[in-house]
Amino acid sequence: MAVAFSEKTKERFKAILAKYPEKGAALLPAMWLAQKEFSVITPEVEEYVAKLLGVPLVRVHEVLTFYTMYAAKPLGKYHLQLCTNISCTLLGAEDILEHLKDKLQIGAGETTPDKKFTLSTVECLGYCGTAPVLQVNDDFHENLTTKKVDELLAKLK
Amino acid sequence: MPEPILSRNFSKKNAHTLGVYIQGGGYEALKKALTEMKPEQIIQEVDKSGLKGRGGAGFPVGKKWSFIPKEAPKPKYLVINADEGEPGTYKDRPIMECDPHAVVEGAIITCFAVGIHWAGIYVRGEYVKSIERLEGAINEAYAKGYLGKNILETGFDLDMVVHRGAGAYICGEETGLLESFEGKKGQPRMKPPFPAIVGLFQGPTVINNVESIAAIPHIVKNGGEWFNGLGAPGIGGGVKLFPVSGHVKKPGVYELPMGTPLREIIYKHAGGIRGDKKLKAVIPGGASAPVLKPEEIDVPMEYANLAKIGSMMGSGAVIVMDEDTDLVKTLRVLMCFYAHESCGKCTPCREGTGWMAKIIKRIEKGEGESADLDTIVSIANGIRGRTLCPLGDAAVGPALSFVTKFRQEFEDYIKVGAG
Ligand SMILES: Cc1cc2nc3c(=O)[nH]c(=O)nc-3n(C[C@H](O)[C@H](O)[C@H](O)COP(=O)(O)O)c2cc1C
Ligand code: SF4
Ligand code: FES
């Protein structure tokens, strides 16, 4: 089955293209649209995006693998991204990580068998003043404690 | 306390909307710039303000603008750096979330001053709320006639776009950012040519940090001398946002005069060390700035003063470590960060950061060897000054300063393992 954007996404893509002086510059935004639409950027999606923009497939693949936020593999429903950089580590990010691993019974970079949670460790998220911080999909949970993590996990259905 | 300037909208309700922004005097500077001032006059005011780039390198903003050729065969561009990835730094996010119109207004004035008709702001991918707020502000500005064609009936045209990054620290480096903006992997470019001559889409390009751009409307409205005078006596250079994190009682983003002593930031504004413990070490300007010992914190937080004691102002992010901090672990965190974020384009950085990370990890595990510290120093010296972009040097700063200033702690670790 050939992949393609829905009509609505095609419209959005056209509007984005119109904003850039050069077509190739719309590659990152096009990948964001693709990720939203297909969840995973599979080889077929890569081909589709390359064709849309008229850029070599290898360039799409480079972009997919260079950046950390594009998903080449399926993620769980909730992607838990824990900052383990300096300010968060100073305030106990390692304990939070151990707690998460323990609760979810997975390691960093893994997904629970029920596909509900993916756990990742990430670099500084720009919330160092309210460390430690955990990003869950697009939301940020700040000043974390193990108790707060428990409450959060219980809420994520 | 003087009236806050850059942070004046941080806790004001709905300040991100056009109406509230205008009520607070917003877009008055735009009108002044476009209808009463010549482009050269604006650049002069910015020069006089003593404003230095807030992204890390501290280059004078007015001077940077004056490097852009007046006539160029290719269109000119403004790129605003909102990649905010330097560990410890969280000052651009509140500007974008709470005061996005300040960024838009600053961008329009900058473009008018330099003769630019297309501006892009590159926001790190995780900052979803910043992106929403900026897009909202840009849409409002278009609707009001502050962006688009014939702005304020002056014949000046400008388009502005928000570009979402996708997770890579190196895209904060200005030429990596340009590559990423053009839809490529964000590997830095060789300089020269500098972006002022050959930048985005091969055109002359101004690249400035969010905080630099957000200061512009204030400078235009109240004058360069006024802004310069807000800095500490004898230092000048205006006010700056200092994000403080780590073991302090009141972490937060503090707007203070350039040249405020580091001690005052830690003990007065951030409330001192948690649990009234002793200070062990402090990084004054984001992860890449060499670490300082407690006896060094009377330094004024300002570019030249910090350089004089072998550190740097960087983003102004202050990371505070108390007496119980494990510095071996802390340096391991930093070295793994640089090894992870090295883009791999040049050998000294790609290999050297990896080696340093490996050695520190070994020391942390209690498997260090007595030669390890000298090896780190020699690797660091092998990286320094030999890389394509400053990320290599950025890794060297913490590595050398940690192992030389706190050598005893590292040696104890090697001898007897962790604590
Ligand atoms: C590895 C690296 C990361 C950087 N990250 C950022 C960043 O996140 N934000 C930023 O404004 N500048 C960053 N810079 C500095 C930029 O290269 C550039 O100097 C700055 O955006 C220029 O704007 P300014 O003169 O207004 O500071 C980084 C530099 C390096 C070497
Ligand atoms: S110094 Fe490091 S990050 Fe910069 S270009 Fe070289 S390998 Fe890439
Ligand atoms: S160090 Fe964790 S958010 Fe900055």
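Chain identifiers are assigned alphabetically (A, B, ...) following the order of the sequence lines, protein sequences preceding nucleic acid strands; residue numbering begins at 1 within each chain. The basis for the numbers below is simple: all heavy atoms, side chains too, and nothing from hydrogens, waters or symmetry mates.
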J.: With only heavy atoms counted, which part of B:V320 is less than 4.5 Å from chain A, the side chain, the backbone, both or neither?
T.: backbone

J.: Select one option (side chain, backbone, both, neither) describing which atoms of A:T84 are under 4.5 Å from chain B's heavy atoms.
T.: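 Just the backbone, heavy atoms under 4.5 Å.
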
J.: Under 4.5 Å between any side-chain heavy atoms of B:C343 and A:F66, yes or no?
T.: yes

J.: Report yes if some heavy atom in the side chain of A:I86 is under 4.5 Å from a heavy atom in the side chain of B:T330; otherwise report no.
T.: yes

J.: Non-hydrogen atoms of chain A under 4.5 Å away: do they reach the side chain of B:E126, the backbone, both or neither?
T.: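 Looking at B:E126, backbone and side chain both touch chain A.
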
J.: With a 4.0 Å cut-off, would you call A:E94 and B:R332 a salt bridge?
T.: yes

J.: Of the backbone (N, CA, C, O) and the side chain (C-beta and beyond), which part of B:K91 lies under 4.5 Å from a heavy atom of chain A, both, or neither?
T.: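 Nothing of B:K91, per the 4.5 Å heavy-atom cut-off to chain A.
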
J.: Can you tell me how far OG of B:S180 sits from OH of A:Y67, rounded to the nearest 0.5 angstrom?
T.: 3.0 Å

J.: Could you tell me which portion of B:R93 (side chain, backbone, both or neither) has an atom closer than 4.5 angstrom to a non-hydrogen atom of chain A?
T.: side chain

J.: Could you look at B:H163 and say if it's the side chain, the backbone, both or neither that has a heavy atom under 4.5 Å from chain A?
T.: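 For B:H163, heavy atoms of backbone and side chain both lie under 4.5 Å from chain A.
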
J.: Taking every non-hydrogen pair under 4.5 Å, which of B:G85, B:P251, B:G246, B:G186 racks up the most with chain A?
T.: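 Answer, by heavy-atom pair count under 4.5 Å with chain A: B:G186.
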
J.: Highest number of heavy-atom pairs under 4.5 Å with chain B: which of A:I16, A:D138, A:T130, A:L64?
T.: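 Highest number of heavy-atom pairs under 4.5 Å: A:D138.
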
J.: Kindly give the heavy-atom pair with the smallest separation between A:L90 and B:H247, and that separation in Å.
T.: O-NE2, 2.9 Å

J.: Name the region of B:P243, side chain, backbone, both or neither, that has any atom closer than 4.5 Å to a heavy atom of chain A.
T.: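 Neither part.
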
J.: May I ask you to name which of B:A168, B:G88, B:G252 has the most heavy-atom pairs under 4.5 Å with chain A?
T.: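 Top option by heavy-atom pairs under 4.5 Å: B:G88.
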
J.: In terms of heavy-atom pairs under 4.5 Å, which option from A:Y70, A:F140, A:Y127 contacts chain B the most?
T.: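 Looking at each of A:Y70, A:F140, A:Y127 in turn, A:Y127 comes out on top.
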
J.: Any chance CZ of B:R350 has more than 12 other-residue heavy atoms, nucleotides or ligands included, within less than 6.0 Å?
T.: yes

J.: Counting only non-hydrogen atoms closer than 4.5 Å, does B:T89 touch chain A with its backbone (N, CA, C, O), its side chain (CB onward), both, or neither?
T.: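 For B:T89, backbone heavy atoms alone lie under 4.5 Å from chain A.
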
J.: Is the backbone of B:A166 close enough, under 3.5 Å, to the side chain of A:W32 for a donor and an acceptor to pair up by distance?
T.: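 No, because the side chain of A:W32 does not come within donor-acceptor range (under 3.5 Å) of the backbone of B:A166.
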
J.: For B:K361, is the NZ atom crowded, meaning more than 12 foreign heavy atoms sit under 6.0 Å from it?
T.: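 For B:K361, atom NZ is not crowded (no more than 12 foreign heavy atoms under 6.0 Å).
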
J.: Counting C-beta onward and ignoring hydrogens, is there a side-chain heavy-atom pair between A:E22 and B:E182 closer than 4.5 Å?
T.: no

J.: Would you say A:S87 and B:Y90 are linked by a side-chain donor-acceptor pair, where the criterion is simply a distance under 3.5 Å?
T.: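 Result is no, nothing qualifies.
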
J.: Taking every non-hydrogen pair under 4.5 Å, which of B:K184, B:R164, B:K329, B:K250 racks up the most with chain A?
T.: B:R164

J.: Within the structure provided, determine whether B:M160 and A:K19 are in side-chain contact (heavy-atom separation under 4.5 Å).
T.: no

J.: Does any backbone or side-chain atom of B:V161 lie under 4.5 Å from a heavy atom of chain A? Answer side chain, backbone, both or neither.
T.: side chain

J.: Take the angle between the ring planes of A:Y20 and B:F181 and call it parallel below 30°, perpendicular above 60°, tilted in between.
T.: perpendicular

J.: Is it the side chain or the backbone of B:Y169 that comes within 4.5 Å of chain A heavy atoms, both, or neither?
T.: neither

J.: Checking side chain to side chain contact (heavy atoms under 4.5 Å, CB included) for the pair A:L91/B:R274: CA distance, chi angles, key distance, verdict?
T.: CA-CA 11 Å; A:L91 293 172; B:R274 284 193 180 192; 3.5 Å; yes

J.: Report which part of B:V162 has an atom under 4.5 Å of a heavy atom belonging to chain A: side chain, backbone, both, or neither.
T.: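 Looking at B:V162, just its backbone touches chain A.
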
J.: Is A:H141 atom NE2 crowded by more than 12 heavy atoms from other residues, nucleotides or ligands, each under 6.0 Å away?
T.: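 Counting other residues, nucleotides and ligands, NE2 of A:H141 exceeds 12 neighbours.
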
J.: Over all heavy atoms of both residues, which pair between B:S245 and A:C128 is shortest? Give the atoms and the distance, please.
T.: CB-O, 3.4 Å

J.: Between A:G24, A:P21, A:P29, A:A131, which shows the greatest number of heavy-atom pairs under 4.5 Å with chain B?
T.: A:P21

J.: Can you tell which of B:P75, B:A270, B:G165, B:A317 has the highest number of heavy-atom pairs within less than 4.5 Å of chain A?
T.: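 Most heavy-atom pairs within the cutoff with chain A belong to B:G165.
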
J.: Pick whichever of B:H340, B:E84, B:M321, B:R124 has the most heavy-atom pairs under 4.5 Å with chain A.
T.: B:R124

J.: Above 12 or not: heavy atoms from other molecules or residues under 6.0 Å from NZ of A:K115?
T.: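 Not more than 12 within 6.0 Å, no.
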
J.: If contact means a heavy atom pair closer than 4.5 Å, which residues of residues 51-59 of chain A contact chain B?
T.: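 Hits under 4.5 Å: A:R59.
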
J.: With a 4.5 angstrom heavy-atom cut-off, is it the side chain or the backbone of B:L200 that approaches chain A, or both, or neither?
T.: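 Interface part for B:L200: neither.
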
J.: A:N85 and B:F337: which non-hydrogen atoms are nearest, and at how many Å?
T.: ND2-CD1, 3.3 Å

